[in-house]
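Each remark here refers to the structure printed beneath this line.
It should be emphasised that the depicted structure is a prediction, and the values quoted were computed from it without experimental measurement. Sequence lines set the chain letters: A, B, ... in the order given, protein chains first and strands last, and positions in each chain run from 1. Values below: every heavy atom of this structure, side chains too, minus hydrogens, waters and symmetry copies.
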Amino acid sequence: MTDSAPEALRALEAVIFAAEAPLGLADLARHVGERGDLPELLRQLASSYAPRGIILVERGGRWSFQTAPDLAHHLRPTREAVRKLSRAAVETLSVIAYHEPVTRPEIEEIRGVAASPGTLDVLMEAGWVRPAGRRETPGRPLQYATTPGFLAHFNLTTRRDLPGLADLKAAGLLDREPPRELPLPLGGREE
Amino acid sequence: MTDSAPEALRALEAVIFAAEAPLGLADLARHVGERGDLPELLRQLASSYAPRGIILVERGGRWSFQTAPDLAHHLRPTREAVRKLSRAAVETLSVIAYHEPVTRPEIEEIRGVAASPGTLDVLMEAGWVRPAGRRETPGRPLQYATTPGFLAHFNLTTRRDLPGLADLKAAGLLDREPPRELPLPLGGREE
Amino acid sequence: MPATGYSLPDILRHEPGLISEDFEEGPPRSMPGAAAPPSLILQLGSWEGPLDLLLTLARSQKVDLAQISILDLVEQYLDFIRDARALSLELAADYLVMAAWLAYLKSALLLPPEPDMEPDAQEMALKLQFQLQRLDAMRDAGQKLLARPQLGWDNFRRAAPEGLSTDIQSRYECSLFDMFSAYGGIQARAQHGVHVVRRRPVMALDEAIERLARLLGQTLDWAELARYLPHDLADEGYARSVLASSFVATLELVRTGRAEVSQGAAFSPILIRGRA
């Protein structure tokens with residue numbers, strides 16, 4: 001290596017850095033001139049970058065800088081966004097928790113409404129619900145059940161810790177009176 | 001420096017490298033986490049790049065990689081020539097840079113002519129000048145100032161690096177009014 | 001005493017050709033003298049207005065602007081304007097305004113100072129010199145800026161950076177209470193549904209018509225409808241059904257001419273009798 005090498009290395013790295021796309025040997029030679037052994041210079045440059053956060057890589061004979069793969073999480077850091085579950089999702093979750101393993105048609109029957117497609121997905125994304133095999137009945141419907149993450153989130157040791165219907169009623173959670181019937185104006189009868 | 005420093009340096013260089021625009025300390029902290037003394041890490045990183053063909057620069061508190069200026073001749077053939085600024089635009093730019101924040105009437109007073117409509121637009125389109133609030137004087141005139149993009153374009157770390165700024169300030173030439181104690185070199189008057 | 005009472009900045013900023021283009025931030029500036037139509041504007045060489053011309057003339061004195069002779073400069077400017085007029089060059093109005101102002105400044109500087117003169121001639125001269133120095137400094141600074149290495153010409157950033165982004169990971173909020181009350185809500189809904197759907201003991205309309213017709217056939221006197229209803233019905237729901245069906249049956253019998261119905265007032269007892 002002559003003492004012009006550092007200059008050539010500097011030129012190479014600047015050219016590769018500023019390029020719009022990975023550059024082949026011919027492109028590089030055109031930009032930095034025919035200085036010595038280009039492949040050898042590129043190898044030197046690559047090894048000088050190897051421990052860094054930016055690395056020099058060859059892909060199909062073309063060279064470019066890119067970020068070191070192990071640092072990807074810094075480039076796309078994840079930020080937590082707290083979201084409130086929809087009422088449909090909370091209801092579906094409770095049905096699964098009380099009736100697992102339960103199929104989707106059963107959930108719909110218990111809730112009295114058709115499930116929107118996203119509801120179960122949200123619960124699975126939250127990590128609270130998992131598919132739990134197929135039921136061996138006609139149509140072999142998929143069953144759903146809660147996960148250990150569900151128990152952990154709600155601080156439950158087992159599913160048996162869920163309050164029963166009687167408990168819910170005692171807590172006032174079932175006392176939703178149906179609307180009173182309208183009085184009939186036909187008189188007579190009460191006397 | 002703890003032994004996590006190299007990791008932090010790698011993360012910093014990857015993030016700055018991948019970013020679409022120069023990053024300030026807050027952006028960097030968001031991506032690499034609060035690791036030690038960011039300004040000190042940036043200084044270390046900058047000095048490790050100083051001899052290279054790519055350098056780490058601070059422009060108006062934002063950090064980015066760019067090619068070393070002495071290598072321009074290797075790179076220019078690939079790039080279009082920069083647009084030529086009109087004399088009025090250059091003059092307006094320097095008036096804003098040295099007097100900011102400055103109102104349009106002040107710019108016109110300093111230049112001795114009414115600003116033509118296109119001049120400020122050109123500078124704002126280039127991303128070098130921005131409106132910088134209104135001055136709380138009668139008429140509440142809009143003020144103008146330079147941007148980090150201006151500092152980046154002219155390779156200035158901060159406004160303090162503007163050529164001759166200290167001398168002009170010392171000579172009172174950046175004041176709104178002539179200094180009172182200026183001698184009166186009125187030539188012919190004395191005889 | 002010349003009639004020029006304008007302060008220097010007013011004159012310098014005045015440019016008739018651009019008078020229609022007023023600035024967003026200020027009221028229209030008052031114009032000394034009549035507005036010259038834009039056609040009168042003449043770019044004298046490459047000067048950008050009278051201050052630029054003055055600066056060019058000042059530089060020809062080949063001394064530091066701080067040492068310049070304002071009186072000499074005034075002479076130079078007035079000579080220049082005279083020459084231009086001799087050549088029948090049309091001058092933009094602001095060059096002439098400047099000439100008038102400089103002529104005034106010159107006389108004020110040469111005459112013994114008047115104590116009550118505002119502004120003071122020395123101060124005006126000083127301000128002119130300051131403005132020349134300042135403009136010169138700004139020009140110089142602009143050139144120095146342009147001489148600096150420039151991004152996109154002398155150095156370059158990456159052409160196509162990948163960019164940074166932030167992945168948003170959702171964390172769902174749901175309390176145990178939310179879940180229990182949701183389940184309670186489902187159960188309550190289900191119970192309410194039973195009330196609506198379950199088949200209840202009712203007296204069908206056909207049955208009521210048949211029964212009422214049979215009872216009415218035995219008497220032609222007016223009697224309260226309630227008297228024809230079965231007594232001691234334990235099921236309140238069934239009792240209501242009997243009442244409703246019997247009332248509708250009454251209307252049906254009246255419609256078919258087999259009974260008459262009468263009510264003295266709203267909510268008073270309904271009277272019914274059969275028709276033979």
Atom group of C:S268 that falls short of 4.5 Å from chain A, counting heavy atoms: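 Neither; nothing under 4.5 Å.
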Any side-chain heavy atom of C:D178 sitting closer than 4.5 Å to one from A:K84?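 Yes, side chains in contact.
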With a 4.5 angstrom heavy-atom cut-off, could you sort out which part of A:A97 is near chain C: side chain, backbone, both or neither?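 Side chain of A:A97 only, per the 4.5 Å heavy-atom cut-off to chain C.
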Can you say whether the rings of A:Y98 and C:F180 are parallel (under 30°), tilted (30 to 60°) or perpendicular (over 60°)?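 Perpendicular, since the angle between the ring planes exceeds 60°.
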Verify the distance criterion only: is there a donor paired with an acceptor across the side chains of A:Q143 and A:T103 at less than 3.5 Å?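 Note: A:Q143 and A:T103 side chains miss the donor-acceptor criterion.
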Nearest heavy-atom neighbours spanning A:R62 and A:D27: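 Taking every non-hydrogen atom into account, NH1-OD2, 3.7 Å.
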As an exercise: rank A:H99, A:R87, A:Q66 by heavy-atom pairs under 4.5 Å with chain C and give me the winner.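 When all of A:H99, A:R87, A:Q66 are compared, A:H99 has the most.
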